[in-house]
Visitor: 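Take this structure, written in structure tokens, and hold onto it; I'll ask about it next.
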Amino acid sequence: MSDTIINAPANTPFIEVLRDFDATPAQLFKVSTDPDLIAQWLGPNNLEMEVVEYDVRPGGRYRYIHRDPSGAEFAFRGVFHAIEPGAMVIQTFEYEGFPGEVSLEKATYTATANGVQLRTWSVFPSIEARDGMVASGMERGLTEGLDKLAALVAKETGR
């Protein structure tokens with residue numbers, strides 16, 4: 001059973017993801033935004049990841065490529081709009097396979113009684129774009145990535 005909660009209400013362009021971690025907001029923020037650690041957790045288990053660019057600052061850009069065992073590539077890019085270390089990241093997200101279908105994402109890091117809750121809120125340009133993301137296998141890849149993030153946070157923090 002996954003600890004990840006994904007809410008994608010029908011007939012809306014939104015996706016909300018919630019996941020609790022045994023860490024402080026500052027620890028989770030560091031591991032989840034460190035360019036040297038991103039490749040260790042972001043994405044599904046069966047894909048290799050290459051971080052091309054990951055400049056976490058307002059106006060900074062990111063681009064990464066996932067490769068499957070056959071060598072097929074899936075590239076993603078975006079721009080960081082607002083960064084509050086340990087508290088929040090606002091960025092765009094675009095799958096290069098569907099150029100121009102850009103979503104806006106906000107991630108918050110909120111202290112809880114047992115650690116920190118990561119909440120991401122994504123707004124897509126249309127309900128069809130959101131439904132396409134949900135139908136793409138997003139849930140499996142997202143859950144596997146967040147499971148790897150939890151393991152990496154535990155390793156990095158000694159918890």
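Predicted, not measured: the structure shown is a model, and the values here were computed from it.
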Visitor: I'd like to check the salt bridge (charged side-chain N to carboxylate O under 4.0 Å, His left out) partners of Glu156; sequence neighbours left out, ordered by chain and number.
Guide: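 In terms of salt bridge (charged side-chain N to carboxylate O under 4.0 Å, His left out), with neighbours along the sequence ignored, Glu156 is linked to no residue.
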Visitor: Mind checking what makes salt bridge (charged side-chain N to carboxylate O under 4.0 Å, His left out) contact with Glu96, not counting sequence neighbours?
Guide: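 Result, salt bridge (charged side-chain N to carboxylate O under 4.0 Å, His left out) vs Glu96: Arg63.
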Visitor: Pairing donors with acceptors under 3.5 angstrom, does anything connect the side chains of Thr4 and Arg19?
Guide: yes
Visitor: Establish, from distance only, whether the side-chain atoms of Asn114 and Thr112 form a donor-acceptor pair under 3.5 Å.
Guide: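 There is no such pair (donor and acceptor under 3.5 Å, judged by atom type) between the side chains of Asn114 and Thr112.
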Visitor: Tell me the closest heavy-atom pair linking Val79 and Arg61, and the distance in Å.
Guide: CG2-NH1, 3.5 Å
Visitor: Sequence neighbours left out, what passes salt bridge (charged side-chain N to carboxylate O under 4.0 Å, His left out) with Arg67? Give chain and number order.
Guide: Glu50, Glu73
Visitor: Does a sphere of radius 6.0 Å around CZ in Phe14 hold more than 12 heavy atoms from other residues, nucleotides or ligands, not counting ones at 6.0 Å or beyond?
Guide: yes
Visitor: Just to verify, what does Glu94 make a salt bridge (charged side-chain N to carboxylate O under 4.0 Å, His left out) with, not counting sequence neighbours?
Guide: Arg77
Visitor: What closest approach, in Å, do Ala107 and Thr120 show between heavy atoms, and which atom pair accounts for it?
Guide: CB-CG2, 3.9 Å
Visitor: Under the ring pair (Phe, Tyr, Trp, His ring centres under 6.0 Å) test, which residues partner Tyr109, sequence neighbours left out?
Guide: Phe29
Visitor: Mind listing the side-chain donor-acceptor pairs of residues 34-48 below 3.5 Å, one per line with the distance, residues two or more places apart or on another chain?
Guide:
| from | atom 1 | to | atom 2 | distance (Å) |
| --- | --- | --- | --- | --- |
| Asp34 | OD1 | Asp36 | N | 2.6 |
| Asp34 | OD2 | Lys30 | NZ | 3.3 |

Visitor: On a heavy-atom basis, which atom in Tyr62 and which in Phe93 lie closest, and how many Å separate them?
Guide: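 The pair with the smallest heavy-atom distance is OH-CA, 3.3 Å.
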